[in-house]
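Here is the structure we will look at.
Both ligands and their constituent atoms are indexed starting at 1 by order of listing. These values consider heavy atoms only, across backbone and side chains, with no hydrogens, waters or symmetry-generated copies.
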Amino acid sequence: MKGKEVIIGVTGGIAAYKAAELVRLLVKDDILVKVAMTKSATKFVTPLTFEALSGERVIHDMFGQEGTVIDHIHWGQESDLIIIAPATANFIGKMAHGIGDDFLSTCVLAATAKTLVCPSMNTRMFENPAVQENLSLLKRRGFIIMEPGQGALACGTEGPGRLPEPDEILEQAKRLLSDQDLSGLKILVTAGPTTEPIDPVRYISNRSSGKMGYALAKAAARRGAEVILVSGPTCLNPPPGLGFCPVITAEDMRRSVFENRPGCDIIIKAAAVSDYRPRDCAVQKIKKGAESISLELVKNPDILAELGSTIEGSPSVLVGFAAETENLIANAEKKLKAKSLDMIVANDVSRKDAGFETDTNMVKFIYRDGHIDDSPLMTKDKVADLVLDRAKALREAVLEG
Ligand code: CTP
């Protein structure tokens with residue numbers, strides 16, 4: 001996200017503290033962040049907090065010493081996005097009715113950048129027809145409104161009104177900042193391990209964290225694709241704004257993949273499917289007794305091979321992942337051929353900084369025609385974009401015949 005500039009407008013609600021984390025996350029993504037605060041927001045969090053996190057001066061007083069007299073015009077015209085988080089009922093009302101009585105409200109009035117509004121307030125206030133009508137008015141004028149979350153609020157009540165978590169706002173912001181070069185495409189991604197039950201409390205599985213598959217799904221959604229994420233059990237939160245299909249076993253994953261396959265332009269199988277499952281799952285917990293016991297395993301379906309063998313005539317691009325601990329290229333090439341893939345992404349899972357459970361990956365892209373291209377060690381988010389660039393190019397080649 002280097003080269004992008006975002007303004008965070010913080011208004012006076014208790015969730016102002018969450019804006020600090022949002023600034024940190026945006027900065028971590030190489031985005032230049034400038035913060036403008038209303039006077040009431042400074043009662044909740046100090047400008048110094050935002051200054052330290054953004055590395056930029058914070059403006060909270062139209063006539064103070066922080067900026068120049070015309071910053072309120074420049075800021076919203078030079079930036080790529082304005083995010084109002086939290087947006088109070090009062091500030092939403094001001095934006096809807098063209099009131100400009102402080103730096104942030106005049107900045108929004110003069111802005112040419114898109115504005116993302118993240119309401120946060122007590123449920124009764126949020127549901128008040130005046131606030132709802134103001135939000136509808138803003139929506140009609142092209143403002144993007146993020147639905148508040150549900151749950152326990154600072155005022156002691158429960159219901160809609162919570163500021164969405166900073167990582168959800170970040171994801172939405174990245175979507176608004178990204179080229180929509182995958183729009184119109186339906187992309188199915190599988191992620192995570194599958195777990196195969198032994199009895200009601202035990203299972204066999206593998207060390208896949210799901211991070212690569214989730215990074216792919218988020219990047220595809222960010223770039224405008226309609227995304228279906230079929231995920232085995234992971235500790236990751238389902239990314240917002242995409243079709244999420246949680247599954248447990250390889251059989252479940254197979255069912256979900258084939259159900260969602262019609263109309264897919266690209267299928268990327270990043271999941272680490274268990275190759276075998278226990279022949280029987282005990283109804284009750286297996287009790288300890290004998291010194292040794294054995295578990296009979298039977299083969300699971302190879303979902304990718306099945307997709308590859310039945311894909312003829314369909315314009316879908318099929319991408320697999322190969323998790324290897326030795327003979328990376330030779331083993332991956334074998335899988336590419338055996339499963340009739342357009343491309344396989346090979347990763348050496350014996351490395352400490354790549355493959356399972358890491359935030360980084362180093363992969364090789366191997367194509368049907370034998371061509372291989374390398375990526376250096378990079379974050380899984382960056383690898384995800386490279387995979388999608390290549391899948392998109394393959395898809396265009398298929399369409400050109
Ligand atoms: N795969 C699948 N169904 C399986 C096994 C694997 O769809 N039962 C997919 C994976 O999602 C991945 C690719 O096939 O995209 C390769 O998976 P990998 O585990 O590397 O290889 P396997 O084919 O299982 O072979 P092996 O375990 O012997 O290396």
Side-chain angles (χ1 to χ4, degrees), residues 187-197 203-217 220 228-234 245-261 264 266-279 297-311 316-351 354-358 361-368 372 380 383-384 386-388 390-391 394:
I187 302 185
L188 187 149
V189 178
T190 68
T194 64
T195 62
E196 312 293 330
Y203 57 79
I204 53 170
S205 189
N206 57 64
R207 285 174 37 219
S208 166
S209 61
K211 285 180 182 170
M212 191 64 242
Y214 277 57
L216 279 160
I228 311 285
L229 173 61
V230 177
S231 172
T234 74
C245 307
V247 297
I248 310 272
T249 65
E251 279 290 356
D252 295 339
M253 183 171 279
R254 180 185 171 280
R255 212 170 302 122
S256 183
V257 164
F258 280 91
E259 256 169 38
N260 285 293
R261 178 194 195 185
C264 280
I266 297 172
I267 300 178
I268 306 177
K269 283 222 75 243
V273 185
S274 303
D275 289 327
Y276 292 90
R277 66 176 185 276
R279 176 178 292 282
L297 302 177
V298 294
K299 212 168 182 183
N300 266 328
D302 189 317
I303 307 165
L304 191 53
E306 210 175 316
L307 284 168
S309 66
T310 55
I311 212 154
S316 304
V317 164
L318 196 53
V319 177
F321 271 70
E324 305 296 343
T325 54
E326 57 178 354
N327 304 327
L328 183 67
I329 305 269
N331 282 337
E333 275 173 340
K334 251 189 241 162
K335 288 176 191 173
L336 174 90
K337 288 205 181 85
K339 305 191 193 207
S340 311
L341 310 179
D342 296 287
M343 180 175 80
I344 194 153
V345 186
N347 59 104
D348 178 351
V349 291
S350 65
R351 289 178 63 109
F356 290 160
E357 293 172 328
T358 62
N361 214 352
M362 192 163 96
V363 301
K364 291 186 191 302
F365 301 98
I366 307 175
Y367 299 83
R368 214 183 255 243
I372 299 179
K380 286 186 173 171
V383 174
L386 293 186
V387 174
L388 291 167
R390 283 155 179 75
L394 285 166

Q. Are Arg277 and Thr195 linked by a side-chain donor-acceptor pair shorter than 3.5 Å?
A. no
Q. Would a distance-only check, ignoring hydrogens and angles, find a side-chain to backbone donor-acceptor pair under 3.5 Å from Asn260 to Ile228?
A. no
Q | cation_pi(Arg254, Phe258) dist<6.0 Å, angle<=45 | A | yes
Q: Mark yes or no: Arg207 above the aromatic ring of Phe356, with NZ or CZ under 6.0 Å from the six-membered ring centre and no more than 45 degrees from the axis.
A: no
(Q) Just to be sure I understand the cut-off, which residues have at least one non-hydrogen atom under 4.0 angstrom from an atom of ligand 1? (A) Lys269, Ala271, Val273, Asp275, Pro301, Asp302, Ile303, Leu304, Gly320, Phe321, Ala322, Ala323, Lys335, Lys339
Q) Mind checking what makes side chain to side chain donor-acceptor pair (under 3.5 Å) contact with Ser209, not counting sequence neighbours? A) none
Q.
Contact between Tyr214 and Leu229 at the side-chain level, heavy atoms closer than 4.5 Å - yes or no?
A. yes
